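Working notes, beginning with the structure itself.
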Number of protein chains: 2
Amino acid sequence: MSENGALPLRGKVLTVDTMNANVKKVDYAVRGPIVQRAVQIEKELKEGVKKPFEEVIKANIGDAHAMGQRPITFFRQVMALCTYPQLLDDNKFPEDAKNRARRILQSCGGNSIGAYTTSQGIDCVRHDVANYIQRRDGGIPSDPDNIYLTTGASDGIVTILKLLTAGEGRTRTGVMISIPQYPLYSASIAELGAVQINYYLNEEKCWSLDISELQRSLHAAREHCNPRVLCIINPGNPTGEPIRSFPYKKNSNDIYKGCEFHSFKKVLFEMGPEYSSKVELASFHSTSKCYMGECGFRGGYMEVINMDPEVKAQLTKLVSVRLCPPAPGQALMDLVVNSPQPGEPSYQTFMKERTAVLSALAEKAKLTEEILNTVPGISCNPVQGAMYSFPRITLPERAINEAKAKGQAPDMFYCMKLLEETGICLVPGSGFGQREGTYHFRMTILPPTDKLKIMLNKLKEFHQKFTQQYS
Amino acid sequence: MSENGALPLRGKVLTVDTMNANVKKVDYAVRGPIVQRAVQIEKELKEGVKKPFEEVIKANIGDAHAMGQRPITFFRQVMALCTYPQLLDDNKFPEDAKNRARRILQSCGGNSIGAYTTSQGIDCVRHDVANYIQRRDGGIPSDPDNIYLTTGASDGIVTILKLLTAGEGRTRTGVMISIPQYPLYSASIAELGAVQINYYLNEEKCWSLDISELQRSLHAAREHCNPRVLCIINPGNPTGEPIRSFPYKKNSNDIYKGCEFHSFKKVLFEMGPEYSSKVELASFHSTSKCYMGECGFRGGYMEVINMDPEVKAQLTKLVSVRLCPPAPGQALMDLVVNSPQPGEPSYQTFMKERTAVLSALAEKAKLTEEILNTVPGISCNPVQGAMYSFPRITLPERAINEAKAKGQAPDMFYCMKLLEETGICLVPGSGFGQREGTYHFRMTILPPTDKLKIMLNKLKEFHQKFTQQYS
Ligand SMILES: Cc1ncc(COP(=O)(O)O)c(C=O)c1O
Ligand SMILES: Cc1ncc(COP(=O)(O)O)c(C=O)c1O
């Protein structure tokens, strides 16, 4: 500041050289350069620019509604009732929807979803979440005081990682993440200045987790940091079994067939009190995935068990700074854990809609695996439980060299070309991590079946052409 | 991890000694111990415990709906339509509400508010925000590319502070905040490990900002850190004028009478291109305050001007990690900046509801000032523009000593006693900062007028009794 108010100003206060260095290190492939280019292409198409395709198909992100999936009627009815309670007098809405809405509103300040909620989340929602977890885990108790509602799963994950980040140099917190990972993990680790520790999933065994690989990665990490957190994305890593003795775990489920999900908490309890009363576990869930796909509402919860009470008080304080997660997302989370029951008026429609989504997903998972595996140079594991596939691609030497000459990861080069030529938007495997020298792309299976078929066949054609061109 | 899977586990991985040290330093008075005790008392009352009062009156936080304020009908109609688009066929809803909903949905992926939005926020909403700012500032251009939608104002404020935090020791980023402040600022500064720089508002001149005090605080700060950010809460600091030559500013408005608000951006433009083309300014707004008070939706926006383009790219990347702000909050923000216009069917009702809220606030502001100033030992500045008062209280020496003996801030001691004896929940001034040796409390003026009167009179009575008791 000048003393007399009129001296010329210096240059920018905030430049890439003077900004937060950790933020610069953050990378988030799911919304990275390829997606930015996709958005640009969409604009060009709208402006009438000629392309060899009519539309961009975005298979880069698990965004079911954007891909045409319809919301679950019951959920949206209750949300409309919570939003505009005058509708409670409207007989177009079923009684069970009205009851849910009344109950949620009664738990809100001034009976309005427009009031701040408590920092940990609406009381009755946390109770419903705890009941849901207890049912899921065959009666193993869940305490509403251990439930924190969040702004999507992302928010909860970042908050827990933040609590855990401490130390300097060799004592800095290390966070073990699976490779391939969901890039929120690497991004948050970078932002917090924690240390990323990679453990590789076994592609040959359907992306399973090898205990020996966990040990390798842990021992290597101990040389340069303090490994304190093990992150697991579940399902996708088929069992909690081989990782019994790790100190801290997290999970998150995007399952579409209930049968495959093993709760880590349940596994801990089956291992006996030595584990169930000691292992500190935080698990995450959200409204974004599963059959509902309600990403925009940013609903989510986490359950923390065996957390030191003083640390829990710190966690509660930390989340209170941002006041509360969005109340509509909290309400929606409630409906997911407290969905229509047999005998309630909405039950049949709800089940019909839910089953339709889940069977479509199962069908699309199979379709994806089958079509991709007919392509020489593409190999795709069965898509289990999640809405993503992560097929491996063989790239010709010449393509790899051309990419490197351009300073691009070879699979980025591949995906960019795919986007420009076909309008298909995938994320290169390099954004998720992969073993050195292997190449992949990540693709959601969410486009409607007919579009998915077209997309898979275009992809096949492109891959064959690409392989020829660079051989 | 043990090599053979069965060694006994050590103690907790995460303890207050091993957790993130910056998080421990965070303090957030607005939801601190006094509020936790208030929640407890509410539970006790429900359980039938006898108290000298019937209910807890929470005047600790600006939460209008919790205090009984009704939502604006038009806003909730559009939100219900966006949530459950089947209602678009219902002729109970006015055409302008339907048009707004259709326009928002068309800008959402798959026409669903359940889709992720772009990281910066829904396109049409950002355009509407830019238009709104441009109108507000008498035509000074606003670019939708400079608008970022946020999860409440809180989210935007933390994000900008995060970008700006860098350096170590004497080069560490210093952030100048007004005292009294909104404790989100001190909490975020602590969490980020930045340096808090206090500048004191002039209580004698109605909490105005003295240029000499800014200079004092800046010069003092330069001895031990690198001051890079000036935070201003506007209104509350009556004008941008005296602070012309500061490098970086931010504002946020909770105004209830349009006439008092001076846009900092406008002031910069009036100062000429030397300033308007150079000063880096981020300003924040949210759906939580003003006449709408829609806190639960967590809607908000920020406008950044003169930000280095490379830094802006980093900002966009950073916000993309959490995918997007809640879509319902974004939609609601849209309605605030694009409210019913003369000639539209909802205009009259909207204006009636809006005016009713604003006049009630003006009346309550006056009431608060008047009643409190009749109490010897309480002095209250006029409540201008915001929904809070911050009266100064004189505490008897004996009370101060008793508090100190208990290890409590004297105004915390006072507020705790007030809560236990009357059920009134205020926040001690020490949570917001105040000049050494002065004591205050912060009180919102939001309770309904009749309740506010009762509360103010109870407060008066309590203060007199308290003063007597400790004299
Ligand atoms: C494994 C995993 N975790 C977390 C998230 C983030 O989800 P949310 O929308 O709940 O923040 C995703 C989203 O794609 C995910 O795939
Ligand atoms: C000055 C100020 N800034 C920001 C906020 C946070 O508001 P939001 O709900 O938009 O996050 C508040 C809330 O009380 C406030 O008073």
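In what follows, chains carry the letters A, B, and so on, assigned in the order in which the sequence lines appear, proteins first and then strands, with residues in each chain numbered from 1. What you see is a predicted model; the values in this text were computed from it and never measured.
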- Checked B:Met292, B:Arg70, B:Glu294 vs chain A; the most non-hydrogen pairs under 4.5 Å come from B:Glu294

- Message: What part of A:Thr173 gets within 4.5 angstrom of chain B, counting heavy atoms only: side chain, backbone, both, or neither?
- Response: neither

- Region of A:Gln69 that comes under 4.5 Å of a non-hydrogen atom in chain B: neither

- Message: Is the shortest side-chain heavy-atom distance between A:Val39 and B:Thr118 below 4.5 Å?
- Response: no

- Task: Report yes if some heavy atom in the side chain of A:Leu87 is under 4.5 Å from a heavy atom in the side chain of B:Leu87; otherwise report no.
- Result: yes

- Item | B:Arg298 side-chain N/O to A:Cys324 backbone N/O, donor-acceptor pair under 3.5 Å | yes

- Return the option, out of A:Glu310, A:Gln86, A:Gln36, with the maximum number of heavy-atom pairs under 4.5 Å with chain B. A:Glu310

- Note on the structure: When every non-hydrogen atom of B:Glu280 is compared with those of A:Leu14, the smallest separation belongs to OE1-N, 2.9 Å

- Query: Does B:Val16 offer a backbone N or O that forms a donor-acceptor pair with the side chain of A:Gln314 under 3.5 Å?
  - Reply: no

- Counting only heavy atoms closer than 4.5 Å, note whether B:Asp155 contacts chain A via side chain, backbone, both or neither. both

- Item | Any side-chain heavy-atom pair of A:Arg76 and B:Ser112 under 4.5 Å | yes

- Task: Heavy-atom distances under 4.5 Å only: say whether A:Leu318 touches chain B with side chain, backbone, both or neither.
- Result: side chain

- Query: Below 4.5 Å, heavy atoms only, C-beta onward: do B:Thr18 and A:Arg228 meet side chain to side chain?
  - Reply: yes

- Note on the structure: When rounded to the nearest 0.5 Å, the distance separating CG of B:Leu164 from CE of A:Met19 is 9.0 Å

- Message: Donor-acceptor check, side chain of A:Lys162 to backbone of B:Asn20, threshold 3.5 angstrom: yes or no?
- Response: no

- Mind ranking A:Pro328, A:Ala187, A:Ala66, A:Cys295 by heavy-atom pairs under 4.5 Å with chain B and telling me who comes out on top? A:Cys295

- Contacting region of A:Pro325 [heavy-atom separation from chain B under 4.5 Å]: backbone

- Do any N or O atoms from the side chain of B:Lys317 and from the backbone of A:Lys24 form a donor-acceptor pair under 3.5 angstrom? yes

- Got B:Asp90 and A:Asp90 here, is their nearest side-chain heavy-atom distance under 4.5 Å? yes

- Residue B:Ile113 versus chain A: region with a heavy atom under 4.5 Å: both

- Message: At a 4.5 Å cut-off on heavy atoms, which part of B:Leu323 comes close to chain A: side chain, backbone, both, or neither?
- Response: both

- Message: Taking side chain as everything from C-beta outward and backbone as N, CA, C, O, which of these in B:Asn306 sits under 4.5 Å from a heavy atom of chain A? Side chain, backbone, both or neither.
- Response: both

- Among B:Ala115, B:Gly293, B:Pro183, the residue with the most heavy-atom pairs under 4.5 Å to chain A is B:Ala115

- Query: Should B:Val321 and A:Ser154 count as side-chain neighbours, where that means a heavy-atom distance under 4.5 Å?
  - Reply: no

- Item | Partners passing ring pair (Phe, Tyr, Trp, His ring centres under 6.0 Å) against B:Tyr116 (at least two apart in sequence or in another chain) | none

- Please confirm whether the backbone N or O of B:Gly152 pairs with a side-chain atom of A:Arg322, one donor and one acceptor, at under 3.5 Å? no

- Message: So B:Thr83 and A:Gln77, do their side chains get closer than 4.5 Å, heavy atoms only?
- Response: no

- Message: So for B:Lys58, is it side chain, backbone, both, or neither that comes closer than 4.5 Å to the heavy atoms of chain A?
- Response: neither

- Message: Out of A:Gly110, A:Gly109, A:Ser119, A:Gly114, return the one with the most heavy atom pairs under 4.5 angstrom to chain B.
- Response: A:Gly114

- Item | Which atoms of B:Cys108 approach chain A - backbone, side chain, both or neither, heavy atom under 4.5 Å | neither

- Query: Given that the side chain runs from C-beta out, which part of B:Ser320 has a heavy atom under 4.5 Å from chain A: side chain, backbone, both or neither?
  - Reply: both

- Task: Select one option (side chain, backbone, both, neither) describing which atoms of B:Thr171 are under 4.5 Å from chain A's heavy atoms.
- Result: neither

- Of B:Ile61, B:Asp308, B:Asp63, the largest count of non-hydrogen pairs under 4.5 angstrom with chain A goes to B:Asp63

- Query: Do B:Phe93 and A:Tyr84 have ring centres separated by under 6.0 Å?
  - Reply: yes

- Residue from A:Lys92, A:Glu191, A:Met67, A:Met79 scoring the most non-hydrogen pairs under 4.5 Å with chain B is A:Glu191

